[in-house]
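By convention in this document, chain letters (A, B, ...) are assigned in the order of the sequence lines, proteins followed by strands, and residues within each chain are numbered from 1. Scope of the values below: all heavy atoms of this structure, side chains included, with no hydrogens, waters or symmetry mates.
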Amino acid sequence: MSRVLIADDDPDIRELVRFKLEQAGHEVVAVGDGDAAVTSARDEGPFDLAVLDIMMPRRSGIEVCQALRAEEATRAIPVLLLTAKAQEKDVEAGFAAGADDYIVKPFSPRELMSRVTVALARSRP
Amino acid sequence: VTGLQVLTWAVVIIAGAIVVLGGTTGISRVRRQRRAHRRERLRDELRPGIVAILADPDGSHQLPIHRGRRADLFGVLAFDYLAKVRGESRDALVRVLDERGTVVDAERRTRRPGTVGRSGAAELLGRCGLAHSRPALERLLTSRSKAERAVAVRALGHLGDPAAAPALLEVARARSVPAPLICQAVVRLGPEAQGDLITHLRSRSIDVQRVTVDALGLLQSVDAVERLITLLPDRDLELVVRTARALGRIGDPRAVAPLLELLDRSPEWPVVAVVARALGELGSPSAAPILIELLGHERPPVATNAATALVQLGRAGADALAAAVEGDEPNPYAAAALSRQAILDGGAP
């Protein structure tokens, strides 16, 4: 079982991703904004994966990703960005901020789970 | 009655009005917040049913039948989810909605009075994308409401059924919906609509021809090239411009010679500008001499497009551009195009 942090301000997406991950046997912490994501990553860790939306209140997914990479305790968490921003420059900005994977909305829940599985497998020593 | 009394009463009345207004505004705000809160709570209650379908598309799902407000909100929630997921999860949700009769109900609602209800139903049908909804949506294309017609056009595009092409082009003929919206919907019908579209290139309506040309260009329809070339000598300047642009987008080398011929006989600068750009997209070195000549055109859009086209030609164009920026009077359009390309290539201009 892995611990996954989800940050998305849209409860429809958040609950769907939470359901899928819990169905797969993972423990999930779900939050609705960027600040809460950073706080949870710091205080409720360790996490094996973070699934972040980009356009969130208070702090964007890109900023959250940068904040995670800047701290020793959260640096190694694989980050999967799940966002409606589909332009090349957005994808580039996501990877430049340290994201490990990028999924564009509307998304396929099955594809998301495949990518989560790969990201978790890669992160395990 | 003294002046002071009148003033006092006026102040009292104004103060009273302010208090009443403030109170009313406050109460209505609180009511709105409570309504939104109740709505969110109800949405939270209904969400797990839809999430279960999306998370397990292969399973058999029996959702409870909702009535009244719950039924309305369930429809809204399902509608929202259709825009957020794709693949088999989305298909499973559409299947459940169809089995519950939501789709048939929406088709029925497109016949009822009330533009808002009909438009909402059309949006839902478009998102569900089931072919059997086409007749209901096509009927809305002749609605008296402009907004409703636009919704129906968009929804038919989302449906992606190539059989909707003639009805959509008929809307172009009637000019009852903005042409770009129709073009976007027609393109969404996909390559299977090409046959119908190519036939409509011969339409007597210039509006239908324009939309069709744009759509075929965006679909990069190689099958349409020969027929598009026959439109280049047309008397309608806008149609010629659109056709040249479409041929550039398609990128078939058969278009090079007819476009060069068009440059020889057409002095109108908008045509020349678009043809220059199209020749660049076609990438034929045989266009280089005329594009070099156009670098000195008096109209900036023509010279700019010629310079961009020369960049697109690769080696054949790059040498000409390099030569144009040397000497006492370097060509500014060539210099700008080279700088832009250098930035795109990741180097310094």
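In terms of the ring-ring contact (aromatic ring centres under 6.0 Å, His included) criterion, residue partners of B/F74 (sequence neighbours excluded) are, by chain and number, B/H66. The side-chain hydrogen bond (donor to acceptor under 3.5 Å, both in side chains) check on B/E138 picks up B/R134, with sequence neighbours excluded. In terms of the side chain to side chain contact (heavy atoms under 4.5 Å, CB included) criterion, residue partners of B/E148 (sequence neighbours excluded) are, by chain and number, B/T115, B/R118, B/S119, B/L140, B/S143, B/S145.
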Which atom pairs, one donor and one acceptor, sit under 3.5 Å between chain B and chain A?
unit_1: B/R43; atom_1: NH2; unit_2: A/D12; atom_2: OD2; d: 2.7
unit_1: B/R47; atom_1: NE; unit_2: A/D12; atom_2: OD1; d: 2.8
unit_1: B/R47; atom_1: NH2; unit_2: A/D12; atom_2: OD1; d: 3.0
unit_1: B/A55; atom_1: O; unit_2: A/K20; atom_2: NZ; d: 2.9
unit_1: B/D58; atom_1: OD2; unit_2: A/R110; atom_2: NH2; d: 3.3
unit_1: B/Y81; atom_1: OH; unit_2: A/D12; atom_2: O; d: 2.5
unit_1: B/K84; atom_1: O; unit_2: A/F107; atom_2: N; d: 3.2
unit_1: B/K84; atom_1: NZ; unit_2: A/D10; atom_2: OD1; d: 3.4
unit_1: B/K84; atom_1: NZ; unit_2: A/D10; atom_2: OD2; d: 2.8
unit_1: B/K84; atom_1: NZ; unit_2: A/D12; atom_2: OD2; d: 2.8
unit_1: B/R86; atom_1: N; unit_2: A/F107; atom_2: O; d: 2.9
unit_1: B/R86; atom_1: NE; unit_2: A/P106; atom_2: O; d: 3.1
unit_1: B/R86; atom_1: NH2; unit_2: A/E111; atom_2: OE1; d: 2.6
unit_1: B/E88; atom_1: OE2; unit_2: A/R110; atom_2: NE; d: 2.8
unit_1: B/E88; atom_1: OE2; unit_2: A/R110; atom_2: NH1; d: 2.9
unit_1: B/E88; atom_1: OE2; unit_2: A/R110; atom_2: NH2; d: 3.1

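Shortest non-hydrogen contact noted between B/L54 and A/L16 is CB-CD1, 3.7 Å. Minimum heavy-atom separation, A/F19 to B/A55: CD2-CB, 3.3 Å.
Residue contact with chain A, scored on non-hydrogen atoms closer than 4.5 Å, is absent for B/I50.
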